[in-house]
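Encoded as structure tokens, the structure appears first; notes follow it.
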Amino acid sequence: MELDLLGDRQRTHHCGELRPSHAGQKVFLAGWVDRRRDLGNLIFLDLRDHTGIVQVVLNPAVSREAHDQGEQVRGEYVVGVEGEVVVRKNETVNPQISTGEVEIQATRLLLLNEAKTPPFPLDDVARTSEEARLRYRYVDLRRARMQRNLRLRHEASLVVRQHMSEHGFIEIETPFLTRSTPEGARDYLVPSRLRPGHFYALPQSPQLFKQLLMIGGFNRYFQLVRCFRDEDLRADRQPEFTQIDVEMAFPRREELFDIIERLMEKLFALAGVKFARPFPRLTYAEAMERYGSDKPHTGVGLEWTRLELPESASGALKAAPSVKVLRAPEGKHFSRSQLDKLQDLAKASGAGWFSYVKTAGEGFQSPLAKTVGESAVASLARAAGMTAGEILLLIGSKSDGPSTINARHLDEASDVLRRELAGRLRPTPRGAWNFVWVVDFPMFEYDEKERRFTAMHHPFTSPREEDLPKLETDPAAVKARAYDLVLNGQEIGGGSIRMHRRDIQQRVFKALGLTGEKARERFGFFMDALEYGAPPHGGIALGWDRIIALMAGESNIREVIAFPKTASAVDLMCDAPAIVDPEQLDELGIQIKKD
RNA sequence: GGGGACGUAGUUCAGCUGGUUAGAACGCAUGCCUGUCACGCAUGAGGUCGCGGGUUCGAGUCCCGUCGUCCCCGCCA
């Protein structure tokens, strides 16, 4: 097929912008053939570009040559169209597209490139396997959904830069080739050619650099930055992902929260979403007690409360006197088998026992009645404040074993049950945007496998000042000045006020089991920096891909990333990772182990 | 590392209890068609049933292994 050259021609308009007001204008358009309708002596082309679709008419009475060219054209061919904008007759208007009142009478059709038949349909309704979409991502990106999502992402990044700049934050780039640090996620490593046997690590986040920028006197920093973590993937986790990284000197937590809340307000306005500020605050302890989760979907309702069992009941049930109870509506819809399933879920996630009370007419019905009697059940139901039609779920912890672990399992069970109920009773409310700040996280959690404390947030998070004395005596009780931002049950950001004093940083390292020597080896440069006038500072990092996905109504962050990887961290399009030439390995002094 | 789902035409899928030549829709090709817009009509091409092994007279179907994709747990400060 003979192709035409674009030459010096320039588009006069884009497809999606043509309106009756353009009638009579001579235009030159270019784009892809979305569809061809060949009626024999009359051919219609739907011409598509990034702005939309416009209908082109190839009429031999207007141009025999253009019509002849049109016969060769197929879907996804790249063409240029010279012609005139004409208003369509009333009966031929297409109200489904924005340009439906006009069409282009083509005087010339340039064939700029041919195209193989696409590997899958490009219309937005057709479902296609993600595997095919990722393999031919460059084709998939032409689809309206990806065009829409990536444009939204661009608009959102403009909002971020504008907003942060208005609040005195400046964007500074930090290195991608840096050094591996212990703690946290597995690093992606990059071998050094100039120092064989040595490796750079790609940053899990620019944590230390942004703190060093504060020490460097920049006052306020932000960055839309790529981060890398070599861990197993999920729908909301990619091996490389983007954060809005934020840090400020002399921070007041409430000011930071306000800046971020206003940012969220502006961002979600792009998606036409409004919500109230300030966002509610919830301590970690409260969140665990009421929802069993440190990232609760607060919009669902369904909160757990504590109920003290009457002494007689506690004895008869051989249960802890304090149980968690949850009142759910529409109790009559819970069949015996569904309740059995809830019981299985509760037990599987570590609850010691599970029971329920249903309302039945004036009274109550419960398997507990057999053990403790009708009247005890009734008083229990009244104590929980049950009203007609509700069902009351009760869970208690195991009575043997370490009580802290049992308590954690009970929280876990309350989270699992609550999410199960939410899924059944109140599928995520549409149009509800439930932001919540979760604050006062524990500083450390105990790692059973490694038999030591690890930082719950990260090892640069400052403990609350009043907890400093407990660093050595009772690490488990130390609360951190850390916070998470949660939206509809998803963690979309987290941060903390950092340590700016070397002495405290050293005590925290010690609590983490990092000996002086090891700390010096890994973090020596940073410990030194703390000694040269480090100001109080703190910040936050927000999960950019997750935020865009929520704004775009996508449940998978791959839908808002141009070239994402699969769940096994493979790029299906370019087939990465891949084997490299032996010479390349040789230069790096690397030998692959055979097993 | 563990669990679950899936893998059949270019795409999305059907294919029952193992049985003759593996189907549908869309797409694609060819022809006809001057007002279509998911154009229509007619004809046609298109299959390593992911891959390897096994059971069987016979495997898309059953078994074992393996690869790939998706979801979840562990993991991800």
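So you know, we letter chains A, B, ... as the sequences are listed, proteins then strands, and number each from 1.
One cannot find a donor-acceptor pair under 3.5 Å joining the base of B:G74 and the side-chain atoms of A:E231. A:R88 contributes a side-chain N or O that forms a donor-acceptor pair with the base of B:C37 under 3.5 Å. For A:R237 against B:C75, a side-chain-to-base donor-acceptor contact under 3.5 Å is present.
For the pair A:R558 and A:E130, the salt-bridge criterion is met [side-chain N within less than 4.0 Å of a carboxylate O]. Under the 4.0 Å criterion applied to side-chain N and carboxylate O atoms, A:R226 and A:E240 are assigned as salt-bridge partners. Comment: A:D415 does not engage A:R418 in a salt bridge, judged by the lack of any side-chain N to carboxylate O separation of less than 4.0 angstrom. Ion pair A:R464/A:D467 flagged as a salt bridge, since at least one NZ, NE, NH1 or NH2 atom sits closer than 4.0 Å to an Asp/Glu carboxylate oxygen. A salt bridge links A:R501 and A:D503; the closest N-O separation between the charged side-chain nitrogens and carboxylate oxygens is under 4.0 Å. The residues A:E114 and A:R74 are annotated as not salt-bridged, no charged nitrogen and carboxylate oxygen being separated by less than 4.0 angstrom.
Nucleic acid contact class of A:R37 (heavy atoms, under 4.0 Å, all strands): base. At a threshold of 4.0 angstrom between heavy atoms, the contacts of A:R74 are confined to the sugar-phosphate backbone, with no base atom among them.
Side-chain nitrogen and oxygen atoms of A:T566 include at least one within less than 4.0 Å of the OP1 or OP2 phosphate oxygen of B:U69.
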Give each protein N/O atom lying under 3.5 Å from an N/O atom of nucleotides 7-10 of chain B, with the pair distance.
residue	atom	partner	partner atom	Å
B:G10	O2'	A:P119	O	2.9

